[in-house]
Engineer: 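Handing you a structure now.
Numbering of ligands and ligand atoms starts at 1, following listing order.
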Amino acid sequence: MEGKTAATLAAMPLLLLWLLVARIVSMLTPMLAPWYSYILAQRLYYATPFAVYALAQSGGAKAVFTRIGFEASYCMNVVRRYLTLPLRPHLPSFYIVGFPKCGTTSMCTYLKQHPCIDGLDGLPFHEILSKESHFFMGAMGRGTTASTSEYRSFFPTIVRSTLRKLKYGNVGREWMCFDACPVHACLPHIPARMAHVTPNAKLIFMMRDPLAAVISGELMWTTQDESCLKPNRMEDDEAEMAYWAAIEKLPLDEPLPEDLMARYYSETDIRPALRSAKYADCLERFMPHFPKEKYV
Ligand SMILES: Nc1ncnc2c1ncn2[C@@H]1O[C@H](COP(=O)(O)OS(=O)(=O)O)[C@@H](OP(=O)(O)O)[C@H]1O
C-alpha cells in the first residue's frame with residue numbers, strides 16, 4: 001500500500017468526523033443564514049441564467065418550492081465543499097466538454113457507473129448540482145474562473161477516492177473524476193482557463209446534427225412548443241464578433257464581464273445557440289491549449 005493511502009487510512013476516523021460535522025453545518029446553513037443561500041444562488045444564476053426558467057417550468061406553488069429546494073441544496077453543496085476543501089485534492093482527469101444537447105447527460109450517467117470514475121460531489125437535486133460545474137462561467141464568482149483551489153472544491157474528497165481505490169483497485173485502473181459541463185466547449189475564454197487548471201486533462205467532445213442540437217436546446221427553455229423558437233437575428237454583426245474576440249483574449253485574472261452569460265443565453269436572440277453549434281470553430285479554440293492526443 002502506498003504511503004499516502006496508508007496515512008489516509010490511519011487518519012480515517014478523524015476525516016469521517018470532519019465530513020460529518022461539515023455535512024451537519026451545511027444542512028443547517030440555509031435555515032440559519034438564508035441570506036447566504038440567496039447570495040450564492042445569485043452567483044450561480046449569473047453562470048446559468050437558464051436555471052431560473054427551468055425551475056419555474058412547473059408553475060405555481062410547485063415552482064416556488066422547487067426553487068427554494070434548489071437554492072437550499074446548492075447552498076448545502078457549497079458550504080460542505082468549502083468546509084472540507086483541504087480534503088479535496090482532485091481535479092478532473094477528463095472532461096465531457098461539449099456539445100450542448102448531444103447526449104452528454106447519458107454519457108455522464110454511463111461513465112459514473114464505472115467503480116473508479118466519479119463526477120462532481122453534489123446533491124442530485126438538479127444536474128447543475130451534480131453533473132455540470134459551470135465553474136469557468138463564473139458559478140463561484142466572476143473573478144475566480146482560473147482558481148485551482150476553488151475548482152478543487154467541486155470534486156470528491158480523498159476519503160472517497162481512497163476507499164474506492166482500495167475496494168476496486170483490482171480492476172487495474174486509477175480512480176479519476178470528471179466534469180460534464182457541455183457549455184464549456186462554447187465560450188471562447190474557457191480553453192485557456194481549462195488548460196491553466198488542468199493542463200493534462202483529456203477532452204471528450206460529443207457531436208450531433210447541429211440543427212437538431214439547436215432545436216433541442218431552444219425547446220428546453222421555451223415553452224416546449226416549436227412555435228416559440230426565436231426567429232430573429234441569425235448572423236453575427238461586427239460589434240458582436242468584436243465582443244467575443246475580446247472575451248477570448250480576456251486575461252486569466254480578470255473578472256468575466258457582467259453581461260457575458262446573459263448575452264450567451266440571450267432570450268431574444270438565436271445567434272448564441274447557432275454559435276455553439278459551430279463545432280469546428282469551438283474546437284479550433286481548444287487547439288492552441290491542448291495537444292491533439294488529448295481529444296476523444
Ligand atoms: N444515447 C443517445 N444517443 C443519441 N441522442 C441521445 C442519447 N442520449 C440522449 N440523447 C439526446 O441528447 C439530448 C440531450 O443532450 P444533453 O444531455 O447533452 O443535453 S444538455 O446539454 O446536457 O442539456 C436529447 O435530445 P432531444 O431529445 O432532441 O432534446 C436526448 O434525446
Engineer: Is atom 31 (O) of ligand 1 touching the protein, meaning some protein heavy atom lies under 4.0 Å away?
Structural biologist: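 It does not; no protein heavy atom is within 4.0 Å.
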Engineer: Would you please say whether a donor-acceptor pair under 3.5 Å links the side chains of K131 and T104?
Structural biologist: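 Side-chain D/A pair, K131 to T104: present.
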Engineer: Nearest protein heavy atom to atom 15 (O) of ligand 1, by residue and atom, and its distance?
Structural biologist: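 It is G103 N, 3.0 Å.
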Engineer: Taking 4.0 angstrom as the limit and counting only heavy atoms of P100, give me the atoms of ligand 1 inside it, by number and element.
Structural biologist: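 Selected atoms, number and element: 21 (O).
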Engineer: Are the side chain of R81 and the backbone N or O of D121 linked by a donor-acceptor pair below 3.5 Å?
Structural biologist: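 Looks like yes, one N/O pair under 3.5 Å.
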Engineer: Nearest to atom 1 (N) of ligand 1, what protein heavy atom do you find, and at what distance?
Structural biologist: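 The answer is Y110 OH, 4.1 Å.
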Engineer: Looking only at heavy atoms, is any part of C102 under 4.0 Å from ligand 1, and if so is it the side chain, the backbone, or both, or is it neither?
Structural biologist: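 C102 to ligand 1: backbone contact only, side chain stays beyond 4.0 Å.
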Engineer: Under 4.0 Å from any heavy atom of S106, which atoms of ligand 1 are there?
Structural biologist: 7 (C), 8 (N), 9 (C)
Engineer: Check the orientation of F290 and Y295. Use parallel for under 30°, tilted for 30 to 60°, and perpendicular for over 60°.
Structural biologist: perpendicular
Engineer: I want to confirm something. Looking only at heavy atoms, which of M107, E132, K131, R208 is nearest to atom 28 (O) of ligand 1?
Structural biologist: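 When every heavy atom of M107, E132, K131, R208 is considered, R208 comes closest to atom 28 (O) of ligand 1.
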Engineer: Measure the acute angle between the ring planes of H184 and Y95, then classify it against the limits of 30° and 60° as parallel, tilted or perpendicular.
Structural biologist: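 Perpendicular, since the angle between the ring planes exceeds 60°.
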Engineer: Tell me which protein heavy atom sits closest to atom 18 (O) of ligand 1, plus the residue, atom name and distance to 0.1 Å.
Structural biologist: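 The closest one turns out to be T104 OG1, 2.6 Å.
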Engineer: Determine the interplanar angle of the Y279 and F99 rings, folded into 0 to 90°, and report it as parallel if under 30°, tilted if 30 to 60°, perpendicular if over 60°.
Structural biologist: tilted
Engineer: Considering only the protein, which heavy-atom contact is closest to atom 17 (O) of ligand 1, and what is its distance?
Structural biologist: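 Residue, atom and distance for the closest contact: T105 OG1, 2.5 Å.
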Engineer: Using only heavy-atom distances, determine whether the side chains of Y151 and T198 contain a donor-acceptor pair under 3.5 Å.
Structural biologist: no
Engineer: Considering only the protein, which heavy-atom contact is closest to atom 26 (P) of ligand 1, and what is its distance?
Structural biologist: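 Minimum-distance protein heavy atom for atom 26 (P) of ligand 1 reads S216 OG, 3.5 Å.
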Engineer: Are W244 and E248 close enough that a side-chain donor and a side-chain acceptor fall under 3.5 Å?
Structural biologist: no
Engineer: Establish, from distance only, whether the side-chain atoms of R80 and T84 form a donor-acceptor pair under 3.5 Å.
Structural biologist: no
Engineer: Does atom 4 (C) of ligand 1 have a protein heavy-atom neighbour under 4.0 Å away?
Structural biologist: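 Within 4.0 Å of atom 4 (C) of ligand 1, no protein heavy atoms are found.
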Engineer: Provide, to 0.1 Å, the distance between atom 20 (S) of ligand 1 and the closest protein heavy atom, together with that atom's residue and name.
Structural biologist: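 Closest protein heavy atom to atom 20 (S) of ligand 1: K101 N, 3.8 Å.
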Engineer: Where does M206 meet ligand 1, judged by heavy-atom distances below 4.0 Å: at the side chain, the backbone, both, or neither?
Structural biologist: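 Contact part for M206 vs ligand 1: neither.
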Engineer: Which heavy-atom pair separates T162 from I158 by the least distance, and what is that distance?
Structural biologist: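 Heavy atoms of T162 and I158 come nearest at OG1-O, 2.6 Å.
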